[in-house]
Amino acid sequence: TQLLEQSPQFLSIQEGENLTVYCNSSSVFSSLQWYRQEPGEGPVLLVTVVTGGEVKKLKRLTFQFGDARKDSSLHITAAQPGDTGLYLCAGGRGYNNNDMRFGAGTRLTVKP
Amino acid sequence: DAGITQSPRHKVTETGTPVTLRCHQTENHRYMYWYRQDPGHGLRLIHYSYGVKDTDKGEVSDGYSVSRSKTEDFLLTLESATSSQTSVYFCAISESGSWSGAYGYTFGSGTRLTVV
C-alpha cells in the first residue's frame, strides 16, 4: 500500500479551468514536497512546505499543507497546456531525506 | 550544463547478467539517491549515500548494490538482472539530509532499463 495516496490518478481538463489534486496519508510528515514530471524526464521540485497549515503560492499554483501535517493539496487556477504533466507529492518523515516517500502521482492533461 | 547526469539513458539486457548504472553530479552535494519508478508505485528508494563510501539501503534494495568512491559518482549495480527489475531508474541529489526536508531533490533524466 502507498504511504501517500494521491487523487485523482488521472485528470483531463480544458484550458482555463481550475483544478485541485490531493495528497493524503495517515502518517505525519515533517515536510511535504510537490514535483512535476514530464515524459522522459526526472521530476522537478515545485515547492516544499514544512509548517502545518502553511500555504504557498507559485504564480497560478497554490500549495497547502494540512494543519495536522498528514495531507496536502495543489490548486491550479486557469490551467494551461503547459501545466500538463505528472504531479508527485513526497513526504519526509525522518531525520534524513532518506526517508522521503513519494505518492504514485496525478497525471494531468490540459487540452487547448 | 546539467548538474546531474545519468548513463546510459536506455539499456536492454538479458536475465542473469550484471548491469551498472552511473550517476554523475557536478554540484558537490553530499546526498545521492537511487530510485526506481514503476506504474502505480511512484518512486521507491533503492539505496542512498550520505558521503563517500557511506551508503545505506532503501525500501526496495534486494538485488541491488551501490558504490560511491568519489563525491561526484554514485553507481547502481544489478547483480543478476531479473525481469522484475525492468523499470525506469532515477538518480537524485540533495544538499542536506536535514529533518526539515527544506532541501528538495534534483533528479537526473533517468535510465530506462529493460531486462529480457
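All chains are named by letter (A, B, ...) in the order of the sequence lines, taking the proteins before the strands, and each is independently numbered beginning at 1. Hydrogens, waters and symmetry mates are skipped; everything else that's a heavy atom, side chains included, is used. Just so it is clear, the model here is predicted, and its values are computed rather than measured.
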Give the cluster check for A/Val44 versus A/Ile76: same hydrophobic cluster or not, with ILVMFWY residues linked at side-chain heavy-atom distances below 4.5 Å.
no
Once rounded to the nearest 0.5 Å, what's the spacing between atom CD of B/Gln37 and atom CZ of A/Phe102?
9.0 Å
A/Gln14, CD atom: more than 12 neighbouring heavy atoms under 6.0 Å
yes
Can you tell me if B/Arg44 has over 12 outside heavy atoms packed within less than 6.0 Å of its CZ?
yes
Are A/Tyr22 and A/Val110 linked, directly or through intermediate hydrophobic residues, by side-chain heavy-atom contacts shorter than 4.5 Å (ILVMFWY only)?
no
Let me confirm one number: the CG-CZ distance from B/Leu45 to A/Arg101, rounded to the nearest 0.5 Å.
8.0 Å
Okay, A/Gln6 and chain B: the region with an atom under 4.5 Å from a heavy atom over there is neither
Kindly indicate whether the side chain of A/Met100, heavy atoms from C-beta on, has any atom under 4.5 Å from the side chain of B/Tyr35.
yes
Is any side-chain heavy atom of A/Leu45 less than 4.5 Å from a side-chain heavy atom of B/Thr106?
no
Evaluate the side-chain proximity of B/Phe90 to A/Glu41: yes if any heavy-atom separation is below 4.5 Å, no if none is.
no
Side chain, backbone, both or neither: which part of A/Leu86 has a non-hydrogen atom closer than 4.5 Å to chain B?
side chain
Hey, quick one: are B/Leu75 and B/Val66 part of the same hydrophobic cluster, counting side-chain heavy atoms closer than 4.5 Å, chains of contacts allowed?
no
So, A/Tyr35 side chain and B/Tyr105 main chain: donor-acceptor pair closer than 3.5 Å or not?
yes
Count the heavy atoms of every other residue, nucleotide or ligand shown that sit under 6.0 Å from NZ of A/Lys56, and state whether that count exceeds 12.
yes
Below 4.5 Å from any heavy atom of chain A, which atoms of B/Glu59 appear? Answer side chain, backbone, both or neither.
side chain
Among the options A/Pro43, A/Ala104, A/Gly105, A/Gly42, pick out the one with the most heavy-atom pairs lying under 4.5 Å from chain B.
A/Pro43
Kindly work out whether a path of hydrophobic side-chain contacts (I/L/V/M/F/W/Y, heavy atoms less than 4.5 Å apart) joins A/Leu58 to A/Leu108.
yes
